[in-house]
Amino acid sequence: MTERTNNSDRYDFKTIEEKWQKTWLVSSIDRVVQDDKKEKYYVLEMFPYPSGRIHMGHVRNYSIGDVVARYKRLKGYNVLHPMGWDAFGLPAENAAQKNNTHPAKWTYENIDYMKSQLRQLGLSYDWQRELATCDPDYYRWEQRIFVEMLQNDLVYQKVTTVNWCETCQTVLANEQVIDGECWRCDQPVEPRNMNGWFFKITDYAEELLSDLDTLKGWPEKVVTMQKNWIGKSTGLECKFAIKDSTESLSIFTTRPDTIFGVTFMSVAAEHPLIDELISGVDDEATIRTFISEIIAENKKLGPEEETEKKGIFTGRYCVNPFNGTQVPIYIANFVLAEYGTGAVMAVPAHDQRDFEFARTYDLPIKPVVIPPDTELDPATMEEASIAPGELTDSGQFTSLYSIDAQQAIIDHATEKGFGNAKTTFRLRDWGISRQRYWGAPIPMIHCDKCGAVPVPLDQLPVTLPDGNTELDNECLPLSKRPDFYETTCPQCNEPARRETDTMDTFVESSWYFARFASPQELNSPLDKSETGYWLSVDQYIGGVEHAILHLLYSRFFTKALRDLGYLTIDEPFENLLTQGMVIKDGAKMSKSKGNVVDPDELIQKYGADTVRLFSLFAAPPERDLEWNAQGVEGSSRFINRLYRYINNHLENLTGASESTYDESQDRALHRKIHQTIKKVSYDIETNFHFNTAISAVMELFNTLTSLTEESRRDRPSAQTIEEAIRTILILLFPMIPHFVSEMWEIMGLAGTPQQTNWPSFDEKAAEEELLTIVVQVNGKVRSRLDVPANTEDSELEALAIKDAQVLKFVGDKTIKKIIVVKKKLVNIVV
RNA sequence: GCGAGAGUGGCGGAAUUGGUAGACGCGCUGGUCUUAGGAACCAGUAUCUUCGAUGUGUGGGUUCGAGUCCCUCCUCUCGCACCA
């Protein structure tokens with residue numbers, strides 16, 4: 001700021017914003033309680049990880065949420081708008097190691113600072129509901145839910161393969177393995193079989209899928225992503241007997257109609273019957289080497305790459321139960337052990353992967369489904385034919401069409417007892433074990449005699465051990481903390497060992513929205529009366545990056561909590577808004593690109609209201625927002641213009657009630673006021689398009705300034721000017737609450753903006769009585785007519801054909817047709 | 001490769017059902033005030049060969065009329081990616 005700037009014509013945002021933030025804090029203005037007489041509205045933004053400071057993505061996300069909250073309050077709803085902290089996670093452990101501090105200390109310091117940042121933005125949260133997931137008073141309930149889920153068969157443990165980093169002595173999540181190496185120390189990760197705990201999300205697969213159709217308020221895109229993730233497919237499960245063995249290979253196929261085209265069998269390298277198949281065959285050693293190779297390759301490769309189809313013949317055969325044909329069994333690198341049965345019937349004529357494999361290893365190709373008007377010649381085919389068609393060479397099913405054949409074949413297999421209809425999901429159970437310190441301990445005790453025993457409910461929470469000064473590192477994994485794991489079995493009292501894994505942090509975020517209804521409840525995770533009133537979340541707002549995991553887990557938890565008797569809803573989030581990213585110079589903000597904008601600096605320079613206004617104005621919420629420093633200036637300029645206008649007109653406005661409405665002078669402004677209320681209400685109500693809402697208010701203000709220029713003689717009355725300003729203020733209140741509160745006070749308006757109702761508009765006042773009708777000749781605009789709104793069509797026609805400009809273009813051509821569109825245009829076709 | 005979405009001035013973006021393309025803001029140009037302007041205010045700002053013509057990624061179609069509906073192709077973004 002230079003000395004030359006005249007301070008009096010710029011509003012002092014710093015003083016004003018601090019003043020109102022303090023006022024709101026002292027009066028607990030945003031506190032809400034259950035009130036059965038009022039209709040509730042629950043708006044929630046995805047809570048942040050307390051990484052240290054907020055970024056522009058948060059600013060945008062929370063500005064949007066705050067406008068929704070404030071708008072709904074003005075509309076008379078009892079609005080729940082809480083905020084909390086997703087406070088467990090690996091960064092705290094890393095920071096702790098680096099700075100030789102405790103994760104809890106680091107986390108709570110971050111929370112303090114970020115909370116002060118959110119306060120500075122003027123966000124209207126009910127801070128009395130604040131929660132941090134690392135607080136034992138939060139995760140004790142999570143542990144209780146875990147135990148109850150265990151008792152209801154929704155939790156189990158199994159040994160499974162995980163990514164292990166030897167250097168870090170920990171399991172890594174899939175996202176933390178980059179090109180087969182640890183993201184932190186570049187040590188190649190190794191697969192390791194470990195025991196882990198799982199939530200049975202697959203029990204809800206069908207419901208999670210079908211209820212997606214009830215989520216009318218969700219973006220289609222997110223619904224589709226979840227559908228794909230759940231990945232339901234239906235088909236036939238069928239047993240192929242292994243020759244010279246009592247075992248059989250089970251396969252799953254979605255194309256039972258192609259079963260007569262099976263020419264070989266492919267099994268995964270990890271298939272449980274591998275030993276049975278290859279023990280004692282001639283090439284056993286070679287095959288075993290091959291198996292190790294492809295397992296290693298598959299582990300190493302990222303999920304992106306698609307490798308060449310490779311396989312090896314086991315020397316064994318199995319029998320197609322439909323026609324008794326013997327087909328060779330191959331081990332193939334493209335068969336997934338985890339999906340279906342880990343074995344695939346290979347139909348090269350009708351499956352592209354099998355086709356490629358067959359061509360590589362010169363295996364027979366046998367077409368059995370012929371699409372209409374097609375000939376399939378195994379010798380010349382260049383790709384598999386996947387279209388449905390008429391069956392050929394398929395025994396009793398020959399000449400049936402695909403769809404009918406599928407059912408008939410499933411029925412046949414069921415009848416004969418070697419197969420059945422089967423539904424398969426891509427969705428897997430949710431492994432929640434993490435071998436870390438900074439997470440919620442899994443409340444189990446392992447006893448040699450009694451097995452895995454849940455910690456009795458009255459002994460919860462199982463808290464994390466505090467910093468131990470004797471240890472040089474305070475956040476060692478729990479498995480290295482005897483002070484933590486040494487215990488006795490609750491059943492037999494013998495020495496036993498606590499489970500040392502902590503829960504995936506996604507568990508905490510799967511139910512926090514429900515806890516917000518009764519965050520201080522001491523006797524239960526959730527208060528039935530409170531959740532019954534507040535849930536579900538009416539509007540959830542956050543980044544699309546959580547489209548699958550967080551949102552799917554939350555949906556699962558909601559259903560599980562319902563079945564445990566805690567909730568009565570089926571779905572947690574009625575409406576979902578996935579806001580776009582904040583980008584700069586066309587790229588996502590990142591330190592490496594050096595295009596990061598710091599919210600603190602912006603607030604210092606322009607104030608919170610300007611930052612909020614720009615982030616709402618620059619783009620509709622669902623789109624990416626290009627951050628533009630000059631655009632921020634523009635938003636600041638607008639608020640300052642408004643400020644100066646109000647200050648300059650203060651004297652006239654105070655006596656506003658004495659002036660009288662004069663139709664001829666006030667009509668234009670009065671009309672614009674009501675048009676604006678209508679437009680802004682519509683924009684917010686339909687799709688939260690604040691950008692167009694703000695531009696409508698700007699238009700109203702532009703109209704106001706031009707109608708009240710000093711030089712004009714027909715200026716509107718003080719009464720209407722006051723109405724215009726009051727309207728502008730209340731319409732902007734959800735977006736720039738500090739500024740509006742200050743202006744409200746300066747103008748001496750009644751009460752506070754919070755106590756005001758959202759203005760309703762007078763449809764009649766919003767109507768134009770003079771319309772501009774476009775006159776087209778052959779669809780091209782040639783002239784415009786200003787006519788009273790009630791002009792009859794016939795009169796419009798008459799006026800149009802007499803118009804000088806029109807006549808020029810019509811000339812002596814004959815008029816074929818005249819189209820009149822009410823209130824819009826007249827088109828003369830010649 | 002499959003699926004979804006999107007392509008509009010120099011820029012961000014407007015345009016409820018097909019009916020004045022470019023609202024609003026930024027930037028830019030000129031002006032006023034001024035010792036000064038990176039302040040404020042005023043005027044202008046799609047393009048061109050400017051009584052007119054052309055313009056919403058390309059090429060077609062439907063229609064009196066298309067940014068909007070249908071088909072072709074191109075580009076970009078996102079998601080999925082051996083799921084049998």
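Treat the numbers as computed from the prediction; the structure is a model and nothing was measured. Sequence lines set the chain letters: A, B, ... in the order given, protein chains first and strands last, and positions in each chain run from 1.
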Polar-atom pairs under 3.5 Å, protein N or O versus N or O of nucleotides 6-8 of chain B: list them with distances, or write none.
none

Test A:E206 against A:K232 for salt bridge (Lys or Arg N to Asp or Glu O under 4.0 Å), laying out the working first. CA-CA 8 Å; A:E206 193 72 61; A:K232 178 182 178 177; 2.6 Å; yes
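- Ring orientation note: the planes of A:F357 and A:Y361 are tilted relative to one another, at an angle of 30° to 60°.
- Look at the C1' atom in both B:U45 and B:G37: the space between them is 22 Å, to the nearest Å.
- For A:Y682, no side-chain nitrogen or oxygen approaches OP1 or OP2 of B:U16 to under 4.0 Å.
- Annotation: A:I403, atom CD1; neighbour count of heavy atoms from other residues, nucleotides and ligands within 6.0 Å does not exceed 12.
- Within the structure, a side-chain polar atom (N or O) of A:R644 is placed less than 4.0 Å from OP1 or OP2 of B:C41.
- At a cut-off of 3.5 angstrom, counting only N and O atoms as typed in the model, there is a donor on one side and an acceptor on the other between the side-chain of A:K309 and the base of B:C82.
- Contact check for A:F13 versus A:S636: no side-chain heavy atoms found under the 4.5 Å cut-off.
- For the P atoms, the distance linking B:U56 with B:U47 amounts to 15 Å, nearest Å.
- Comparing B:G19, B:G12, B:C82 by their closest approach to the side chain of A:A618 singles out B:G12.
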Nucleotide by nucleotide, 5' to 3', does protein get under 4.0 Å of the base (B), only the sugar-phosphate (S), or neither (-) in nucleotides 22-33 of chain B, counting heavy atoms? -BBSSS------
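- Within 6.0 Å of the CD1 atom in A:I386, the count of heavy atoms belonging to other residues, nucleotides or ligands does not exceed 12.
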Let me see the working for A:D793 and A:K822 under salt bridge (Lys or Arg N to Asp or Glu O under 4.0 Å), right down to the final yes or no. CA-CA 8 Å; A:D793 286 3; A:K822 283 246 173 314; 3.2 Å; yes
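- Across all strands shown, A:V697 has no heavy atoms under 4.0 Å from either base or sugar-phosphate atoms.
- One interatomic measurement links the two molecules: CZ of A:R784 to C1' of B:G19, which rounds to 13 Å at whole-angstrom precision.
- One finds no salt bridge joining A:E293 and A:K310 here, because no Lys/Arg side-chain nitrogen approaches an Asp/Glu carboxylate oxygen to under 4.0 Å.
- Under a 4.0 Å N-O distance rule, the pair A:E768/A:R671 qualifies as a salt bridge.
- Contacts of A:D354 with the nucleic acid, taken as non-hydrogen atoms under 4.0 Å apart, are absent.
- For RNA chain B, if you chain together Watson-Crick or G-U pairs that step i with j, i+1 with j-1 and so on, the runs of at least three with distances under 3.5 Å are B:1-7 with B:74-80, B:10-12 with B:24-26, B:27-32 with B:40-45, B:46-48 with B:52-54, B:59-61 with B:69-71.
- Counting to the nearest Å, the C1' atom of B:A4 and the CD1 atom of A:I548 are 13 Å from each other.
- Taking the syn range as angles within 90° of 0, the glycosidic angle of B:U62 is outside it, so the base is anti.
- When the side-chain hydrogen bond (donor to acceptor under 3.5 Å, both in side chains) test is applied to A:D683, the partners found at least two apart in sequence or on another chain are A:K679, A:T692.
- Within 4.0 Å (heavy atoms only), A:T424 reaches no atom of the nucleic acid at all.
- Taking atom P in both B:G3 and B:G19, the straight-line distance is 31 Å, to the nearest Å.
- Atom CZ of A:F638 is separated from atom C1' of B:A40 by 16 Å (rounded to the nearest Å).
- Rounded to whole angstrom, the span from the CZ atom of A:R60 across to the C1' atom of B:G12 amounts to 12 Å.
- In summary, the aromatic rings of A:F701 and A:Y645 are positioned with their centroids under 6.0 Å apart.
- A:K816 comes within 4.0 angstrom of nothing in the nucleic acid, heavy atoms only.
- Between A:I773 atom CD1 and B:G19 atom P there is a gap of 15 Å when expressed in whole angstrom units.
- Nearest-nucleotide mapping onto RNA chain B: of A:T224 and A:S233, the residue sitting toward the 5' end is A:T224.
- Rounded to a whole angstrom, the distance from the P atom of B:U54 to that of B:G59 is 15 Å.
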Does the pair A:D257 and A:S402 meet the rule for a side chain to side chain donor-acceptor pair (under 3.5 Å), with working shown? CA-CA 6 Å; A:D257 53 321; A:S402 284; 2.9 Å; yes
Show your working on side chain to side chain donor-acceptor pair (under 3.5 Å) between A:Q226 and A:R555 and close with a plain yes or no. CA-CA 11 Å; A:Q226 292 218 354; A:R555 296 182 59 224; 2.8 Å; yes
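- Across B:U34 and B:C51, the matching P atoms stand 41 Å from one another, rounded to whole Å.
- Rounded to whole Å, the P atom of B:A84 lies 26 Å from the corresponding atom of B:C78.
- Here the side chain of A:V821 is nearest to one of B:U20, B:C83, B:G19, namely B:G19.
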Apply salt bridge (Lys or Arg N to Asp or Glu O under 4.0 Å) to residues A:K227 and A:D213 and explain how you reach the verdict. CA-CA 10 Å; A:K227 276 187 183 162; A:D213 292 332; 3.3 Å; yes
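- For the P atoms, the distance from B:G12 to B:G7 is 12 Å, rounded to whole Å.
- In this structure, the side chain of A:R782 does not engage the main chain of A:L807 through any donor-acceptor pair within 3.5 Å.
- Per the geometry, CD belonging to A:Q352 stands 15 Å off C1' belonging to B:A81, to the nearest Å.
- Every residue two or more places apart in sequence or in another chain was checked for a side-chain hydrogen bond (donor to acceptor under 3.5 Å, both in side chains) with A:T263, and none qualifies.
- Rounded to whole Å, the separation between the P atoms of B:G9 and B:U58 comes to 10 Å.
- Using a 90° window around 0 for the glycosidic torsion, B:G9 falls inside it and is classed as syn.
- A straight line from NZ of A:K780 to P of B:A53 spans 6 Å, rounded to a whole angstrom.
- Rounding to whole angstrom units, CD of residue A:E338 and C1' of B:A84 are separated by 13 Å.
- Between the side chains of A:N702 and A:R641, at least one donor N or O sits under 3.5 Å from an acceptor N or O.
- Ring centers of A:Y11 and A:F739: under 6.0 Å apart, within the cut-off.
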Would you give a per-nucleotide map of nucleotides 64-70 of chain B, 5' to 3', where B means the base has a protein non-hydrogen atom under 4.0 Å away, S means only the sugar-phosphate does, and - means neither? B------
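- A:K823 has no side-chain polar atom (N or O) that falls below the 4.0 Å cut-off from OP1 or OP2 of B:G19.
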